Amino acid sequence: MKTPSKIFLVGMPGSGKSTLGKQLAEKLNRNFFDLDAEIERMAGWVIPDIFEQVGEDYFRELENSVLLMLIRLNEPAVIATGGGAPCFYDNMDQMNSAGATIFIDTPMDTIVERVKKEKSTRPLVNQMEDDTLAQDMDELYKKRLPQYEKASFTTNSNLEDILEYLESVKS
Ligand code: S3P
């Protein structure tokens with residue numbers, strides 16, 4: 001009985017994908033990859049610089065290529081993706097074909113509180129004014145929801161729920 005080889009965490013910026021992903025990887029005794037961190041490593045630029053220097057379209061291309069590289073990696077892994085990753089190219093279908101996809105559906109209040117504090121590291125959020133941030137984030141969430149909802153499992157940031165789900169899909 002085996003847990004899916006690749007486990008992807010998807011969801012809005014600030015939903016806690018990286019934190020949960022690290023905890024999950026530790027529990028499952030496998031490596032953790034953060035898609036944004038891998039993009040930065042390969043590009044040699046931090047994400048805000050990629051957006052500023054070459055634009056979002058090029059970032060999405062990089063994101064797609066690095067995601068495909070991680071999918072092809074010949075080892076079991078937990079992979080936290082950037083908030084927009086499921087919504088470009090056929091990324092969501094690729095992730096679903098490669099393993100389990102977990103939508104971290106954190107309450108919007110928590111998300112807004114978190115991203116307000118770390119706006120500068122997130123170019124899309126950084127474009128939003130503080131007084132309309134909650135509304136703008138909610139709009140972005142609604143726009144992205146159809147892709148997030150393609151995930152094989154949805155949880156409100158609960159590690160035990162994820163472990164239980166993964167136990168149930170062992171093959
Ligand atoms: C993005 C989210 C970011 C990062 C990039 C774009 C988005 O990742 O990939 O800034 O489109 O929502 P996090 O979800 O880890 O903040």
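Just so you know, ligand 1 is whichever comes first in the structure, and atom 1 is the first atom listed for that ligand. Residue numbers start at 1 and run along the sequence shown. Please read these numbers as outputs of a predicted model, since none were measured by experiment.
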Transitively linked via ILVMFWY side-chain contacts under 4.5 Å: Leu67 with Phe88?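 Not linked; separate clusters.
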Would you say that more than 12 heavy atoms from the other residues, nucleotides or ligands in this model lie under 6.0 Å from the NZ of Lys2, or not?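 No, NZ of Lys2 has 12 or fewer neighbouring heavy atoms, counting only those of other groups under 6.0 Å.
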Cut-off 3.5 Å, side chains only: do Gln94 and Asp90 have a donor facing an acceptor?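 Judged by distance alone, the side chains do pair up.
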Test your reading of the model: is there a side-chain donor-acceptor pair from Asn158 to the backbone of Thr155, 3.5 Å cut-off?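 No; judged by distance alone, with no hydrogens or angles, the pair does not exist.
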Donor-acceptor under 3.5 Å (Asp136 side chain, Met128 main chain):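 Side chain of Asp136 to backbone of Met128, a donor-acceptor pair under 3.5 Å: no, none is there.
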Going by the rule salt bridge (charged side-chain N to carboxylate O under 4.0 Å, His left out), which residues pair with Arg144 if we only count those two or more places apart in sequence or in a different chain?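 Scan of Arg144 (salt bridge (charged side-chain N to carboxylate O under 4.0 Å, His left out), adjacent residues dropped) gives none.
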What are the polar N/O contacts of ligand 1 with the protein below 3.5 Å, with distances?
from: ligand 1; atom 1: 8 (O); to: Asp36; atom 2: OD2; distance (Å): 2.7
from: ligand 1; atom 1: 9 (O); to: Asp36; atom 2: OD1; distance (Å): 2.8
from: ligand 1; atom 1: 9 (O); to: Asp36; atom 2: OD2; distance (Å): 3.1
from: ligand 1; atom 1: 11 (O); to: Arg60; atom 2: NH2; distance (Å): 2.7
from: ligand 1; atom 1: 11 (O); to: Gly84; atom 2: N; distance (Å): 3.4
from: ligand 1; atom 1: 11 (O); to: Arg144; atom 2: NH2; distance (Å): 2.7
from: ligand 1; atom 1: 12 (O); to: Gly84; atom 2: N; distance (Å): 3.4
from: ligand 1; atom 1: 12 (O); to: Arg144; atom 2: NH1; distance (Å): 2.8
from: ligand 1; atom 1: 12 (O); to: Arg144; atom 2: NH2; distance (Å): 3.2
from: ligand 1; atom 1: 14 (O); to: Lys17; atom 2: NZ; distance (Å): 2.6
from: ligand 1; atom 1: 14 (O); to: Gly83; atom 2: N; distance (Å): 2.8
from: ligand 1; atom 1: 15 (O); to: Asp36; atom 2: OD2; distance (Å): 3.3
from: ligand 1; atom 1: 16 (O); to: Arg122; atom 2: NE; distance (Å): 2.7

